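Just below is one structure, and these are the notes that go with it.
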Amino acid sequence: MASKEASGESDESGIEVRIIGEPIGKGLFATKNFKSGDVIFEERPLVSCQFLWNAAYGYLACDYCMRPLETAEENASRLAQNPQLSLPYPDFCDTKKDAVVECPHCDASYCSRECRASAWNQYHETLCLRSFTPDPTHPLVMLQEAWKWWGLQAESCHLKGSSSSSSKKRIRTSEVEYG
């Protein structure tokens, strides 16, 4: 039987945290009926970052909260290399392109001024490359390139314009033995 834990949530929230017991631990329980689509719990991640291959292929996401900065149709059109591509129900995409802002010192983009300010206060002031053209000798750029080089990717692809030379061996998933 689950025991109730003081969660700090008011009864009006419609949720409570309960200790379920071993091996599960805690659980989130509804104390009222919710409609389909209701948000019952929301939090910002402690740490998040865009997958480097997504960034290398031009996927546009907020550098702070990871919200898309392009519509689904723009994303699909870019990836398919088909500017004529059209997706059904484009009005269901809630990307707010008019709210997009950039770091004034580099090419980091954000979905809002609030995300840009939060990023600056939490990490970007320290990590900002302060350049619109990445310096290949900067430690963060070198780390990203090393990760691309050594990271085992689900995709077996080659990025156009990557810094690898033909004399280097690129590890592909088809060449890796798992076990």
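Please read these numbers as outputs of a predicted model, since none were measured by experiment. Note that these values count all heavy atoms, side chains included, but never hydrogens, waters or copies made by symmetry.
- For Cys93 against Ala72, the heavy-atom pair with the smallest separation is SG-N, 3.6 Å.
- In this structure Ser131 satisfies the side chain to side chain donor-acceptor pair (under 3.5 Å) test with no other residue, sequence neighbours excluded.
- Considering every non-hydrogen atom in both Val141 and Pro136, the closest pair reads CG1-CA, 3.9 Å.
- Contact annotation: the side chain of Ile15 never approaches that of Thr31 to less than 4.5 Å [non-hydrogen atoms, C-beta and beyond].
- For Asn121, the CG atom counts as densely surrounded, since its 6.0 Å shell holds more than 12 non-hydrogen atoms of other residues, nucleotides or ligands.
- Taking the side chain as every heavy atom from C-beta outward, Cys106 and Arg130 never approach each other to under 4.5 Å.
- Atom-to-atom distance recorded for Lys26:NZ and Ile19:CD1 is 6.5 Å, nearest 0.5 angstrom.
- Annotation: the span from Leu60 atom CG to Asn75 atom CG amounts to 8.0 Å, rounded to 0.5 Å.
- Taking His105 as the reference, Trp120 meet the ring-ring contact (aromatic ring centres under 6.0 Å, His included) condition, with sequence neighbours excluded.
- Applying the ring-ring contact (aromatic ring centres under 6.0 Å, His included) rule to pairs touching residues 77-97 yields Tyr89-Phe92, sequence neighbours excluded.
- Scanning all heavy atoms of the two residues, the minimum distance from Cys115 to Tyr64 falls at SG-CD2, 3.6 Å.
- Within the model, atoms CG of Leu140 and CG of Leu129 stand 6.0 Å from one another, a figure rounded to the nearest 0.5 Å.
- At least one side-chain heavy atom of Phe29 sits less than 4.5 Å from a side-chain heavy atom of Ile20.
- With no hydrogens or angles considered, no side-chain donor-acceptor pair links Tyr59 and Glu70 at under 3.5 Å.
- No continuous path of ILVMFWY side-chain contacts below 4.5 Å connects Leu85 to Tyr57, so the two sit in separate hydrophobic clusters.
- The local environment of CZ in Arg113 is sparse, with at most 12 non-hydrogen atoms from other residues, nucleotides or ligands closer than 6.0 Å.
- Here the closest heavy-atom approach between residue Ser13 and residue Lys32 is recorded as O-CE, 4.2 Å.
- Interatomic distance, CG of Asp63 versus OH of Tyr110, reported as 4.0 Å (0.5 Å rounding).
- No donor-acceptor pair under 3.5 Å is formed between the side chain of Ser109 and the backbone N or O of Cys62.
- Salt-bridge check for Arg78 with Glu73: failed, with every basic side-chain N at 4.0 Å or more from each acidic carboxylate O.
- Glu74 contributes a side-chain N or O that, together with a main-chain N or O of Thr71, makes up a donor-acceptor pair within less than 3.5 Å.
- Residue Val100 comes nearest to Leu69 through the heavy atom pair CG2-CD2, 3.8 Å, listed as atom of the first residue, atom of the second, then distance.
- Remark: the backbone N or O of Ile40 is not paired with any side-chain donor or acceptor of Asp38 at under 3.5 angstrom.
- The shortest non-hydrogen separation linking Ala76 to Leu87 is CB-CD1, 4.1 Å.
- Contact check for Gln144 versus Met142: no side-chain heavy atoms found under the 4.5 Å cut-off.
- Ion pairing between Arg116 and Glu114 fails under the 4.0 Å rule for side-chain N and carboxylate O.
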